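Here the structure comes first, spelled out in structure tokens, and everything after it is commentary.
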Amino acid sequence: MVAGTGPQRCPDLDDPCIGVVVGDNLEFIHRMAEVALLRDLWRARSGAAG
């Protein structure tokens, strides 16, 4: 598909559900970053000890 073709999908920014969805997405990103950090720290600790 060529950029600029097809229907425009712009959400209604006045819809209160948009704020909830954006907030939930930010929370999910934050939690997954914590999981990734803990995974990396655990992997580094395991590699240094063994």
Side-chain angles (χ1 to χ4, degrees):
M1 182 180 229
V2 178
T5 62
Q8 296 294 322
R9 297 186 186 247
C10 182
D12 183 13
L13 299 179
D14 294 330
D15 188 358
C17 291
I18 295 296
V20 173
V21 170
V22 169
D24 285 348
N25 282 339
L26 291 175
E27 184 68 22
F28 178 76
I29 291 168
H30 177 83
R31 296 294 177 206
M32 291 300 103
E34 289 178 338
V35 168
L37 173 65
L38 291 172
R39 179 202 62 206
D40 293 344
L41 290 173
W42 182 264
R43 203 179 275 171
R45 185 180 129 190
S46 297

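Residue numbers start at 1 and run along the sequence shown. Owing to the predicted nature of the structure, the values given are computational and were not obtained by experimental measurement.
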**Asked** Would you say Leu26 and Val20 are hydrophobically clustered, going by side-chain heavy atoms of ILVMFWY under 4.5 Å?
**Response** no
**Asked** Measuring from Arg39:CZ to Glu34:CD, what's the distance to the nearest 0.5 Å?
**Response** 13.5 Å
**Request:** Measure the spacing between CZ of Arg43 and CG of Asp40 and express it to the nearest 0.5 Å.
**Result:** 6.0 Å
